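Here the structure comes first, spelled out in structure tokens, and everything after it is commentary.
Side-chain atoms are counted along with the backbone in the values below, which use heavy atoms only and exclude waters and symmetry mates. Keep in mind it's a predicted model, so treat the numbers as computed, not measured.
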Amino acid sequence: MLKKEIKNILDRSRQWGWVLEPDAQRIFSLYGFSIPRYDVVSDPQKAVNVARKIGYPVVAKIVSPAIIHKSDVQGVVVGIKDDRTLLETLERLKQLNGFSGMLIGEMVKGLELIIGAKNDFQFGPVILLGMGGVGVEIYKDVALRMAPLDMCDTENMIRSLTARKLLAGYRGSETVNEDALKKMLLKFSRLMMDLQDLVESIDLNPVMCTAKACTIVDSRIMLNGSS
């Protein structure tokens, strides 16, 4: 059964057809996923206070019900290192269509993965795992399974990736915590099953995975009936 707060978020988001990132991150937090520290601001002084509390460098993102693809309007700025750059970013984002705030978030490092799901009209929720970031467009290295997943499914999905060696610490890079990744996939499968009557698709891209954890850095939840 959905928590009341999650249902309220989805009901409120129905007017746009999708869930604004701060609300999406709240949903994932309520489900127990790891997310970066963040806050949403529109006031310059609060922006500075939040960034200093999180600790520079930070990432800033436009929050607007009119902008689904933030990168298309240069609505994401990473690696902000000082107050001046932060405030310049805030002023620029305020000029974008439908500005309702600027999300200031913790910078998270790790191996970029994508985890996603879509409601197939014939098979129901289908879960995707692949290499995230630019790699998902170039290499199309993904694994698909029908939900609900079990532990065997998660292991097979990871093993089927062509780039799976990267998870094991290829050429001295950090090894990914595969147990954490498997648990995230299982939890994501449960989330999608809970929301299957309400959402069309969910994309977590990127998910940053390290030796300690897998963290949802950016996300998009599209509701049923949206485009």
According to a 4.5 Å side-chain heavy-atom criterion applied to Ile, Leu, Val, Met, Phe, Trp and Tyr, with indirect links allowed, do [X] and [Y] form part of one hydrophobic cluster?
X	Y	value
I221	M184	yes
M107	F33	no
F99	V50	yes
I114	V126	yes
I202	I68	yes

[X] versus [Y], closest heavy-atom pair with distance:
X	Y	answer
A163	D141	N-OD2, 2.8 Å
L90	S42	CD2-O, 3.9 Å
L161	A143	CD2-N, 4.0 Å
E21	S219	CG-OG, 4.4 Å
A60	I80	CB-CD1, 3.6 Å
P44	L87	O-CD2, 3.6 Å

Salt bridge check, [Y] against [X]: does any charged N sit closer than 4.0 Å to a carboxylate O?
X	Y	result
E88	R84	yes
D218	K61	yes
K109	E174	no

Whether the side chain of [X] engages the backbone of [Y] through a donor-acceptor N/O pair (distance < 3.5 Å, no angle test) should be reported.
X	Y	answer
N224	D197	yes
R92	Q74	yes
T89	T85	yes
N119	Q196	yes
T215	P36	no
Y38	I54	no
S13	I9	yes

I'd like to check [X] versus [Y] (side-chain heavy atoms, cut-off strictly below 4.5 Å). Are they in contact?
X	Y	value
M131	L113	yes
L20	R26	no
P22	V63	yes

Going from [atom1] on [X] to [atom2] on [Y], what distance comes out if it is rounded to the nearest 0.5 angstrom?
X	Y	atom1	atom2	result
D39	I104	CG	CD1	7.5 Å
W16	S64	CH2	OG	9.5 Å
I216	F188	CD1	CZ	8.0 Å
I6	L191	CD1	CG	7.5 Å
Q15	L223	CD	CG	10.5 Å
R190	L149	CZ	CG	10.0 Å

Given [X], which of [options] fulfils the side-chain contact (heavy atoms from CB on, under 4.5 Å) condition?
X	options	answer
L181	V207, I158, L186	I158
L2	N8, I27, L30, L195	L195
I115	L204, N205, D203	L204

Do other residues, nucleotides or ligands put more than 12 heavy atoms under 6.0 Å from K182 NZ?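 Above 12, so yes.
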Quick check on K7: does its NZ atom have over 12 non-hydrogen neighbours (other residues, nucleotides or ligands) under 6.0 Å away?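 Atom NZ in K7 is not crowded, with 12 or fewer foreign heavy atoms closer than 6.0 Å.
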Which pairs count as side chain to side chain donor-acceptor pair (under 3.5 Å) when at least one residue sits in residues 142-156, sequence neighbours excluded?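 Sorted result for residues 142-156: N156-R159.
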Could you go through the side-chain contact (heavy atoms from CB on, under 4.5 Å) check for R164 and V176 one step at a time? CA-CA 10 Å; R164 63 188 178 279; V176 165; over 6 Å; no
List the steps and the verdict of side-chain contact (heavy atoms from CB on, under 4.5 Å) for Y56 and D83. CA-CA 9 Å; Y56 287 113; D83 296 347; 2.5 Å; yes
Worked check of side-chain contact (heavy atoms from CB on, under 4.5 Å) between M222 and K118: CA-CA 9 Å; M222 304 299 296; K118 187 167 185 176; over 6 Å; no
Within 45° of the axis and under 6.0 Å from the centre of the six-membered ring of Y31, does NZ or CZ of K187 qualify?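 That pair does not qualify as a cation-pi contact.
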Pairs in or reaching into residues 158-210: which pass disulfide bond (SG atoms under 2.5 Å apart), with residues at least two apart or in two chains?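 Non-adjacent pairs meeting disulfide bond (SG atoms under 2.5 Å apart): C209-C214.
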